[in-house]
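Keep in mind that this is a model prediction, so the values were computed, not measured.
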Amino acid sequence: MNRILAASATVAGLLAAFPALGQEGAHDMANMPGMDHSAASSAAPPPAHDMAGMPGMDHSAHDMANMPGMAGMKGMANMPYSGVQGFYPMTRDASGTSWQPDASAHQGVHASVDGWSLMGHAMLNGVFDHQSGPRGDDRTFVAGMVMGMARRDFAGGDVLNLKAMLSPDPLMGPRGYPLLLAAGETADGKTTLVDRQHPHDLFMELSVSYSRRLSIDDAVFVYAGLPGEPAFGPPAFMHRQSGMDSPEAPITHHWLDSTHITFGVVTAGWVHRNWKIEASRFKGREPDQHRWDIESPKLDSTAARISWNPTANWSLQGSWAELISPEALNPTDNERRWSASAIYTVPVGPQGSWATTAAWGRKERSDGVSSDGFLLESAFKPDADWTLFGRAERLKTDELGGPGHAALQTVGKLSLGVIRDFPVARHAKVGVGVLHSFDFVPAGLRPSYGDSPNGTTGFARLVLD
């Protein structure tokens, strides 16, 4: 209980430091030095100490226009290097220590207080979810996340970064929400959730990182979280620009990014220009069914990742992890996981974008059973008001045929959706959307799922950025 109260006080203090949205203390990106608001997807706040002032730093020789792939990117030439882990655009930073393309849209409300750079962001969805067939269900729920970040820049380019992220998901109750073909974690500590997506914990991330700039090309960093995200997989789905607009989780979540909430993680890495190599020690056990607390940390598992952003539009990664006893219901099973992904993002017009992610993940249990998951998702924003998004997935799983591990089955899902947003304040918008999914199951599962299982979701959202 003391850990919960202390963590809650830390998060409350961090979020309370942000001025009220829309007041003078909240500075949108257009008013920040060097920012060209016509390129909304490229904006980022300046560091407190400009790297141009560092000994031996000739900033004119290393501006954004000279970076590979930056030619033609509107506004990018004036954008400061302000990444958390190294000397690169802030828009590259994604969940945990993962990377996304430099051309990604930057989200958040920014302010400065006593030498600290502050950022806040929130997305909350009110959802009605209908999943058809004998194994379907209906549910109304609230999901999303609220994030706050506080950053301190030091002379010489070092950066201290604090991050807190909370979720309303525990309000769903322990069984989460209906999602055909999804499986993983447990609602009661006794049975695996099947055809449902588990709620995320209240505390999705409480982390601190420190980066040491060695030169204009090199930096080293250390990151620690309770909870946090180890160096595995692409950015978590609620942070990927290609997937964050969907109100439902991917069914490949446990192949690609389920480790984004890990109760105990320490990561160290080296950044060299557009390359990053990093390794983590972390707790392999998935979060338990108690979603409101902070679990005891343990560093018993290992992950490693290499990332490369060859141009402003691309972000590539390959990663490996060995998880010790990840599932509470099968404590003797360990897992090895592999992941590879490519993200492509390009601005569209003055306020639009198009982002696409292709990813593969493999799980191999210590009993010799291995399975693969594939994901392709995309979000197209022709302007600030409309978003079209879709996701296609295919995976092999042994968790749908009955209690425990059964025979591997190949299943798939195709989801398509649209959102219309309406601005209501300087840093706030509300949106309404609909999503429809088509589920594909083999003949052996059709008696329990029906001939044409599908799902329809209507939702309204509030976004603060």
Side-chain angles (χ1 to χ4, degrees), residues 28-30 32-47 62-108 110 119 121 123 149 234-246 271-276 307-317 340-359 375-390 421 463 465:
D28 67 75
M29 302 302 289
M32 301 188 71
M35 293 295 106
D36 177 4
H37 190 65
S38 64
S41 64
S42 305
H62 298 277
D63 65 21
M64 297 294 291
N66 294 325
M67 286 184 64
M70 301 305 285
M73 295 294 293
K74 290 187 242 180
M76 295 294 278
N78 294 323
M79 183 177 174
Y81 293 85
S82 55
V84 169
Q85 304 153 13
F87 200 49
Y88 54 78
M90 186 178 182
T91 49
R92 188 182 300 183
D93 290 324
S95 63
T97 59
S98 65
W99 279 359
Q100 61 187 353
D102 298 354
S104 300
H106 185 78
Q107 297 179 331
H110 291 263
M119 187 274 283
H121 173 64
M123 181 184 290
M149 190 170 73
F237 68 88
M238 70 284 295
H239 298 282
R240 294 195 297 264
Q241 190 171 331
S242 58
M244 64 175 60
D245 293 296
S246 176
V271 175
H272 174 71
R273 302 194 69 184
N274 296 326
W275 291 87
K276 179 179 60 174
S307 304
W308 180 38
N309 282 28
T311 75
N313 303 108
W314 285 96
S315 185
L316 313 175
Q317 69 85 28
S341 64
I343 304 176
Y344 178 78
T345 302
V346 61
V348 175
Q351 299 186 70
S353 65
W354 188 7
T356 301
T357 298
L375 171 144
L376 178 65
E377 66 183 13
S378 191
F380 175 64
K381 298 176 182 287
D383 52 39
D385 298 329
W386 289 93
T387 305
L388 306 173
F389 60 92
D421 285 308
V463 180
D465 64 9

**Q.** Validation row: Ile343, Gln241 side chains within 4.5 angstrom (heavy atoms)
**A.** no
**Q.** Met244 versus Met238, closest heavy-atom pair with distance
**A.** CB-O, 3.5 Å
(Q) Walk me through whether Arg92 and Asp102 qualify under side chain to side chain contact (heavy atoms under 4.5 Å, CB included). (A) CA-CA 5 Å; Arg92 188 182 300 183; Asp102 298 354; 2.7 Å; yes
**Q.** Straight-line distance of Lys381 NZ to Gln351 CD, nearest 0.5 Å
**A.** 11.5 Å
Q: Drop me the distance from Thr357's OG1 to Tyr344's OH, to the nearest 0.5 angstrom.
A: 13.0 Å
Q: Could you tell me whether the side chain of Ser378 and the main chain of Ala355 form a donor-acceptor pair under 3.5 Å?
A: yes
Q) Does Gly243 offer a backbone N or O that forms a donor-acceptor pair with the side chain of Ser246 under 3.5 Å? A) no
Q. Atom CD in Gln100, atom OG in Ser307: separation rounded to 0.5 Å?
A. 12.0 Å
Q. What are the two closest heavy atoms between Ala342 and Trp314, and how far apart are they?
A. CB-CZ3, 4.1 Å
Q. With a 4.5 Å limit on heavy-atom distance, are the side chains of Trp99 and Asp93 in contact?
A. yes
Q.
Does any part of the side chain of Met123, heavy atoms only, come nearer than 4.5 Å to the side chain of Val463, both counted from C-beta?
A. yes
Q) Quick one: does Thr356's side chain get under 4.5 Å of Leu376's, heavy atoms only? A) yes
Q. Ignoring hydrogens and geometry, is there a side-chain-to-backbone donor-acceptor pair from Thr91 to Ala103 under 3.5 Å?
A. no
Q: Over all heavy atoms of both residues, which pair between Met90 and Met149 is shortest? Give the atoms and the distance, please.
A: CE-CE, 3.6 Å
Q. Between Asn313 (side chain) and Thr345 (backbone), is there a donor-acceptor pair under 3.5 Å?
A. yes
**Q.** Distance-only side-chain donor-acceptor flag, Asn309 / Ser315, under 3.5 Å
**A.** yes
Q: State, yes or no, whether a side-chain contact exists between Phe380 and Val348 at a heavy-atom distance under 4.5 Å.
A: yes
Q. Going from NE2 on His239 to OG on Ser104, what distance comes out if it is rounded to the nearest 0.5 angstrom?
A. 13.5 Å
Q: Give me the ring orientation class for Trp275 and Trp308: parallel if the planes are under 30° apart, tilted from 30 to 60°, perpendicular past 60°.
A: parallel
(Q) I'd like to know if the side chain of Arg240 and the backbone of Pro235 have a donor-acceptor N/O pair within less than 3.5 Å. (A) yes
Q) Between OG of Ser242 and CH2 of Trp354, what distance do you get to the nearest 0.5 Å? A) 12.5 Å
